[in-house]
Every structure is written in C-alpha cells, then in structure tokens.
Amino acid sequence: LLTRLPFSLSIPHFVSECLGALSRSDYEAARSNVLLVVVAGTIDACLDFWCVYLFGMAQLNLVKEVRTSLFARLLSFEVSFFDSNPVGGLTSRLNSDTTAMSSDLTWFFRFSIEAT
C-alpha cells in the first residue's frame, strides 16, 4: 500500500504538467508527460490490485477464524440452551454478524494504513 502511494500521487502532477505543456504548445513535453501518466497509472493499478487482493485474503482468513471459534463456542453449550434458542436462528445470526463484520473490515484496514 505504501509502495503504491507515490505512483498514485504522481498522476495529478503529470496531468497538470501535460496541460501546462499543451498551453505552451510544447507538444514533446506533453507527450512525455502523457507517457508518464500511463506508466504511473499502470503501476498504480497493478499495485492496487495486489493491495485489494491481499487485504481480501486477510479478511477471509480473519472471518474464517472468527466463525470457527464462534461455532466451536456454540457447540460447547448445554443441550438445554438449544431447547430455548432455535438452532437456525443461532446459525443465521452467526453468519449474518460475521458477514456484516467482514464487509467493513477490508476498508477499515486500508483506510487506517493510508491515514498513517
């Protein structure tokens, strides 16, 4: 994520340099700045893909661990607990709560790192 940041921040600079070169009718400088925008954008897109992929994998592993530990805890309850609480409702709640948690987890990690 931190490796991607300079490429992401350089794109607006190269665009403004390109527009400045075009306003001065310096087409060679504009062409080189367009090339730099394309290169920086390509590198930024590739690094962003891996960033999203790795955060997604971390999210999946974390949610898997949470679901496994919660389900193991559910299995340790007495049988009388399941008489008063329907099993379908418990598993539905476990699934919906972990899904809600996982949907925000990736963005929380990403924005936390970008903010520092």
Side-chain angles (χ1 to χ4, degrees):
L1 183 64
L2 296 177
T3 307
R4 181 184 79 81
L5 198 57
F7 296 104
S8 181
L9 294 175
S10 68
I11 293 172
H13 168 73
F14 293 135
V15 169
S16 67
E17 287 293 320
C18 177
L19 293 175
L22 286 174
S23 69
R24 294 186 308 273
S25 298
D26 186 4
Y27 299 114
E28 188 59 38
R31 185 177 297 125
S32 66
N33 281 311
V34 167
L35 179 64
L36 289 173
V37 167
V38 170
V39 169
T42 303
I43 293 171
D44 181 48
C46 291
L47 291 175
D48 190 43
F49 166 79
W50 285 108
C51 178
V52 169
Y53 175 77
L54 292 174
F55 276 129
M57 292 303 293
Q59 170 199 7
L60 288 176
N61 288 335
L62 184 61
V63 169
K64 178 184 161 192
E65 290 296 319
V66 168
R67 281 186 178 160
T68 303
S69 64
L70 286 174
F71 189 69
R73 180 73 176 127
L74 262 178
L75 291 178
S76 70
F77 290 156
E78 295 288 328
V79 176
S80 61
F81 174 77
F82 297 105
D83 290 337
S84 60
N85 296 302
V87 176
L90 292 172
T91 55
S92 175
R93 175 82 188 262
L94 184 141
N95 191 33
S96 66
D97 287 353
T98 54
T99 301
M101 178 193 73
S102 71
S103 67
D104 297 330
L105 207 54
T106 301
W107 297 112
F108 173 76
F109 285 151
R110 184 173 181 172
F111 292 143
S112 295
I113 292 174
E114 285 180 353
T116 58

Measure up the Trp50 and Tyr53 rings against each other and bin them: parallel (under 30°), tilted (30 to 60°), perpendicular (over 60°).
perpendicular
The reported gap from CG in Leu5 to CG in Leu47 (rounded to nearest 0.5 angstrom) is 11.0 Å
d(Glu17 CD, Asn33 CG) to nearest 0.5 Å is 5.5 Å
Minimal heavy-atom distance between Ala30 and Cys18, with the atoms involved, is O-SG, 3.7 Å
Which atom pairs, one a donor and one an acceptor, fall under 3.5 Å between side chains of residues 69-76 and the rest of the protein, sequence neighbours left out?
from: Ser69; atom 1: OG; to: Glu65; atom 2: O; distance (Å): 3.1
from: Ser69; atom 1: OG; to: Val66; atom 2: O; distance (Å): 3.0
from: Arg73; atom 1: NH1; to: Ser76; atom 2: OG; distance (Å): 3.3
from: Ser76; atom 1: OG; to: Arg73; atom 2: O; distance (Å): 2.6

Between Phe82 and Leu94, is there a shared hydrophobic cluster once you connect ILVMFWY residues whose side-chain heavy atoms come closer than 4.5 Å? yes
Just list the side-chain donor-acceptor pairs under 3.5 Å for residues 6-13, sequence neighbours left out, or say none.
from: Ser10; atom 1: OG; to: Pro6; atom 2: O; distance (Å): 3.4
from: Ser10; atom 1: OG; to: Phe7; atom 2: O; distance (Å): 2.9

Original post:
Within the side chain of Asp48, is there an N or O that forms a donor-acceptor pair under 3.5 Å with the backbone of Asp44?
Top reply: no
CZ (Phe49) and CG (Leu54) are apart, to the nearest 0.5 Å, by 9.0 Å
So CZ of Arg67 and CG of Asn95: to nearest 0.5 Å the spacing works out to 4.5 Å
Contacts of Asp97 meeting side chain to side chain contact (heavy atoms under 4.5 Å, CB included) (sequence neighbours excluded), chain-then-number -> Arg93
- Query: When hydrophobic residues are tied together by side-chain contacts of less than 4.5 Å, even through go-betweens, does Met57 share a cluster with Leu62?
  - Reply: no
